[in-house]
Amino acid sequence: SDCSSLCSDALVISGSAGRAVKGVWKISGTSLNAASRNGSVEYSLDVPASGFYRLEIEGAPRNSSAGQIPFLLNLLIDGSSCGVQTLSASYGIPGRTCFYLPKLRQGAHTARIVWENSAVNVFLSINTLRLQTLGGSDTDGNGIPDWVDARNAKLSEVTVPPSSRTSPLCIEGAN
């Protein structure tokens with residue numbers, strides 16, 4: 001679910017605040033620009049309060065001849081994968097992608113963005129990261145917006161069919 005109208009920025013981080021982990025990255029103004037085909041960077045997140053957040057990443061191609069580019073990004077928070085998303089952008093027209101995070105405790109966390117790329121002359125520029133709170137109604141009073149509860153329930157749904165030809169127990173997850 002897109003929660004753009006229900007989200008608000010808890011923390012805004014300049015792309016240039018990242019630390020190169022793999023590959024060559026160079027600071028240009030407030031952006032961090034890849035100077036190699038792929039790589040990874042880390043950002044420090046000072047989470048203001050325990051809770052559920054999403055991380056929005058804004059970026060663009062660094063070179064003007066690239067056209068519309070899909071950048072495949074993998075996000076790890078404190079070493080645990082939060083999934084893979086595509087950031088689509090064109091030169092001069094930044095794109096954004098969002099990762100929904102597990103419940104984070106208040107305090108310091110590390111976000112690592114891993115960019116895998118094999119295309120020639122395609123370079124990523126990371127402009128901004130936004131740690132966003134997830135708003136919305138909480139009708140059951142558990143401190144979690146109802147749409148987050150529904151999303152988490154759907155992600156953890158397990159179906160046990162009555163029988164299976166290959167195993168006495170077959171457990172399948174839902175997408």
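One is the number of the first residue; the rest follow in order along the sequence.
Looking only at side-chain heavy atoms (C-beta outward), Tyr53 and Leu45 stay at 4.5 Å or farther from each other. No side-chain heavy atom of Ile69 sits under 4.5 Å from any side-chain heavy atom of Leu124. Using a 4.5 Å heavy-atom threshold, the side chains of Asp146 and Asp138 count as touching. A 4.5 Å side-chain heavy-atom check between Leu101 and Leu131 finds at least one atom pair inside the cut-off. Inter-residue side-chain proximity for Val12 and Thr128 is flagged as met; some heavy-atom pair is nearer than 4.5 Å. For the pair Leu32/Tyr43, a side-chain contact is recorded, criterion being any heavy-atom separation below 4.5 Å from C-beta on. Taking 4.5 Å as the limit, every side-chain heavy atom of Val47 sits out of range of all side-chain heavy atoms of Arg105.
Distance check: Leu129 CG to Leu55 CG gives 5.0 Å after rounding to the nearest 0.5 Å. One distance of note links OG1 of Thr110 with CD of Glu42; it measures 5.5 Å at 0.5 Å rounding. Considering CG of Leu87 and CZ of Arg96, their distance stands at 10.0 Å, rounded to 0.5 Å. The CZ atom of Arg112 sits 7.0 Å away from the CZ atom of Arg19 when rounded to the nearest 0.5 Å. Expressed to the nearest 0.5 Å, how far OG of Ser31 lies from NZ of Lys26 amounts to 15.0 Å. For the atom pair CG of Asn33 and CD1 of Ile27, the computed distance is 9.5 Å after rounding to the nearest 0.5 Å.
Remark: the Ser90 side chain and the Gln68 side chain contain an N/O donor-acceptor pair separated by less than 3.5 Å. Side-chain N/O atoms of Ser137 and Thr139 include no donor and acceptor closer than 3.5 Å.
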field: Test side chain to side chain contact (heavy atoms under 4.5 Å, CB included) applied to Val84 and Leu72, step by step
entry: CA-CA 7 Å; Val84 177; Leu72 194 61; 3.3 Å; yes

- request: Kindly indicate, with the supporting measurements, whether the criterion side chain to side chain contact (heavy atoms under 4.5 Å, CB included) is fulfilled by Phe99 and Leu73.
  value: CA-CA 10 Å; Phe99 291 88; Leu73 305 179; 4.2 Å; yes

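Considering every non-hydrogen atom in both Cys7 and Leu134, the closest pair reads SG-CD2, 3.7 Å. Summarising the geometry of Ile13 relative to Ser44, their closest heavy-atom pair is CD1-O, 3.4 Å, with the distance given to 0.1 Å. Taking every heavy atom of both residues into account, Asn74 and Gly83 meet most closely at OD1-O, 2.9 Å. Between Gln85 and Cys98, the shortest heavy-atom distance links the atoms CG-O, 3.5 Å. The minimum heavy-atom distance between Pro94 and Ala89, with the atom names listed, is C-CB, 3.9 Å.
Without hydrogens or angle criteria, Asn117 side chain to Arg37 main chain gives a donor-acceptor distance under 3.5 Å. Between the side chain of Thr133 and the main chain of Ser8, a donor-acceptor pair closer than 3.5 Å is present. Not one N or O on the side chain of Ser88 forms a donor-acceptor pair closer than 3.5 Å with the backbone of Pro70. At least one donor-acceptor pair closer than 3.5 Å links the side chain of Arg62 to the backbone N or O of Ala34. With hydrogens and angles disregarded, a donor-acceptor distance shorter than 3.5 Å links the side chain of Ser14 to the backbone of Thr30. In terms of modelled atom types and a separation under 3.5 Å, the side chain of Asp9 and the main chain of Gln132 share no donor-acceptor contact. Checked by atom type and distance alone, the side chain of Ser36 pairs as donor or acceptor with a backbone atom of Val24 at under 3.5 Å. Using a distance-only test at 3.5 Å, with no hydrogens or angles considered, no donor-acceptor pair links the side chain of Tyr100 to the main chain of Cys82.
Following chains of ILVMFWY side-chain contacts shorter than 4.5 Å, one cannot reach Leu76 starting from Trp115, and the two form parts of different hydrophobic clusters. No chain of hydrophobic side-chain contacts below 4.5 Å, direct or via other Ile, Leu, Val, Met, Phe, Trp or Tyr residues, connects Phe123 to Ile113. Hydrophobic cluster membership differs between Val21 and Val41, with clusters built from Ile, Leu, Val, Met, Phe, Trp and Tyr side chains linked at under 4.5 angstrom. Val114 and Leu75 are members of different hydrophobic clusters when ILVMFWY side chains are connected at heavy-atom separations under 4.5 Å.
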